[in-house]
Amino acid sequence: MKTFSRRGFLTASAAMLAASQFPTRAHAQQAPSLGLSAASRTLDINGRAATVFGLAGPEGQGLTLDPGQHFRVDLTNELEVPTIVHWHGQIPPNAQDGVPDMPQPLLTPGETRSFDFAPLPGTHWMHSHVPMQEMQLLAAPLIVRRPEDVAADRQEAVLFLHDFSFKAPEEVMEEILRGHGGKHGNGDADATPGMDHSGMDHGAGAMGDMSDNMGSMDMSAMDLNDYDWDAYLANDRTLSDPEIVQVEKGGRVRLRIINGASATVFWIDTGAVEGRLVAVDGHEVQPVAGSRFGVAMGQRLDIEIDLPNEGGAWPVLARREGARERTGIVLVTSGAAVKKISSLAETEAPAFDIDLGQEARLRAIDTLPAREADRTHMVMLGGSMQPYVWTIDGATWGRHRPIQATSGQRVELMFHNMSMMGHPMHLHGHAFQVVGINNRRFAGARRDTVYVPPMSMVTVALDAGEAANWMLHCHHMPHLESGMMTEFRVTA
């Protein structure tokens, strides 16, 4: 992972860093348009060659834009299959959003398509909007730096997370559908086969009961992981050969963490050095101190770390929720020894944010203007492991009923999860603000992807944007593949 520092101490390590693939530094003065290719590549994963997909810019996987630089990109499909790329966290014109046939078709092999819009600053990413292709690692960082990022006396490093299987994604999905994909809780053990939990009562009294019960819910009552992947990657590497990021004694590091995994929630553990969570999904929040922060699929965290004045090695680990597997990078000062780190922790990590305690602590720096909602919609999240069907408002894609709004309206969406699995809900074309958890209102974080744990409700507010059809879906790829998607239909 390439890093940036105003102090210039990385000059001596330039040869080592040049071999790193993440992310590309793009200078507007050098090229008015950037080339980006969807292409195959080969990784060494625990000593075994793996052919995966990727998004290669001029200098490696991903893109980093300078302050004020336009997102001016020529995307070429070098794969043997059609594809399309979504710019996750950005708000481009709807025609450039990167969803198959909404409105533009997939890029055929060899085809190039141009994109040009003003990007939102912050930590974002880009990925295929074909779920099977994202499971093949067709994803990469998209970093848009602010002027203060350039001026700050600190180093930056990107931590891009993914889960990986040597099996074809179609085979992975078949195992999941048969219920043999992984270890999970027994949340559906007593459910009626085929029952869709979205039909359950969701009045205020029910939500009150839910919020009271969530604190005592243990992992055995939930479905956490529906597939055991062969490897968990940080910047395309496992802990058998982690990326070593050279840092300075007493320096400050801003970690840009992106969970690009298909179906894995991670806990970020900064270990012996405490961090400050300063942004989520590319939007600044009032700093929250700690050494452990959770990140669901599609979400991003910016964590600042002040390193000790003495030299050393400080692992930053990503632990899979409800399991022992982990991955990560290591921050290392010059000459410090790096110890071997096992890919298995001694104990299982807990479930992520069951009581929404992390989300409840976040406060946006740039809040939405105060305004009464013009329109509200209860978005019911339902489904079960057996049969493996996941729904929004009781329907899968193709049978869905679009959520309606008018451009300029203040809209509140109440995500109500009545299933026993958490859902990271992502809305295209908009940034929203979390304004409620269960029955409690507050001015929370600005986001584009919010995690809704089992038997909980999260309310978000947004101002409806461009008149168009925008995707709203769960960012758990097997859930999306099984149809957990609807439309946020905005009219003029």
Side-chain angles (χ1 to χ4, degrees), residues 1-14 16-18 20-25 62 64 66-67 121-125 141 143-161 234-237 239 242-259 266-282 284-295 299-319 326-339 341:
M1 181 70 63
K2 181 175 280 189
T3 58
F4 304 94
S5 173
R6 292 181 65 243
R7 299 183 182 183
F9 73 92
L10 290 181
T11 302
S13 302
M16 180 188 72
L17 292 177
S20 179
Q21 290 189 323
F22 284 90
T24 298
R25 180 76 183 273
T64 295
D66 287 323
T123 301
H124 305 293
W125 63 304
I143 310 301
V144 182
R145 304 184 80 204
R146 298 177 172 89
E148 51 266 39
D149 295 325
V150 177
D153 190 9
R154 67 182 179 223
Q155 182 178 349
E156 293 187 6
V158 177
L159 175 54
F160 191 82
L161 299 168
N235 300 346
D236 287 341
R237 302 164 80 159
L239 283 175
E243 181 173 20
I244 305 301
V245 178
Q246 295 290 325
V247 295
E248 189 178 45
K249 296 176 182 178
R252 174 171 293 178
V253 179
R254 185 175 183 123
L255 295 174
R256 297 182 181 269
I257 300 165
I258 303 164
N259 188 351
F266 290 100
W267 285 103
I268 305 303
D269 187 350
T270 62
V273 289
E274 187 174 84
R276 293 180 304 280
L277 179 60
V278 296
V280 297
D281 293 1
E284 293 184 318
V285 295
Q286 296 178 18
V288 177
S291 59
R292 188 182 72 172
F293 303 95
V295 58
Q299 292 185 328
R300 289 86 69 206
L301 305 178
D302 283 29
I303 299 175
E304 286 189 350
I305 295 175
D306 290 326
L307 297 172
N309 291 323
E310 64 271 14
W314 297 278
V316 177
L317 301 177
R319 299 185 60 189
R326 60 187 180 181
T327 185
I329 62 175
V330 186
L331 309 179
V332 181
T333 58
S334 179
V338 179
K339 296 181 180 179
I341 304 172

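Computation of the quantities below employed the complete heavy-atom set of this structure, encompassing side-chain atoms and omitting hydrogens, waters and symmetry-equivalent molecules.
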Quick check: closest heavy atoms across Ala234 and Leu161, and the distance to 0.1 Å? CB-CD2, 4.1 Å
Report yes if the side chains of Ile258 and Ile143 come closer than 4.5 Å at any heavy-atom pair, otherwise no. yes
Look only at the side chain of Thr270 and the backbone of Val273, and say whether a donor-acceptor pair between them is shorter than 3.5 Å. yes
Is any side-chain heavy atom of Val280 less than 4.5 Å from a side-chain heavy atom of Val285? yes
All heavy atoms of Ile268 vs all of Ala318, minimum pair found to be CD1-CB, 3.9 Å
Lys/Arg N to Asp/Glu carboxylate O, Arg254 vs Glu156, below 4.0 Å: no
Nearest heavy atoms of Glu248 and Thr333, plus distance in Å: C-CG2, 4.1 Å
Mind listing the closest non-hydrogen atom pair of Ser291 and Glu274 along with its distance? N-CG, 4.4 Å
Backbone N/O of Val158 and side chain of Asn235: donor-acceptor pair under 3.5 Å: yes
Between Val150 and Pro67, the two heavy atoms sitting closest are CG2-CG, 3.7 Å
Distance (rounded to the nearest 0.5 Å) between Ile329 CD1 and Leu331 CG: 5.0 Å
Is the shortest side-chain heavy-atom distance between Ile257 and Phe266 below 4.5 Å? no
Decide, yes or no, whether a salt bridge links Arg252 with Asp153 under the criterion of side-chain N to carboxylate O below 4.0 Å. no
Reference residue Thr123; test side chain to side chain donor-acceptor pair (under 3.5 Å); the match among Arg256, Gln299, Arg145: Arg256
The residue among Leu307, Val316, Asp306 that forms side-chain contact (heavy atoms from CB on, under 4.5 Å) with Val253 is Leu307
Here the pair of heavy atoms bringing Ala313 nearest to Pro315 is O-CD, 3.7 Å
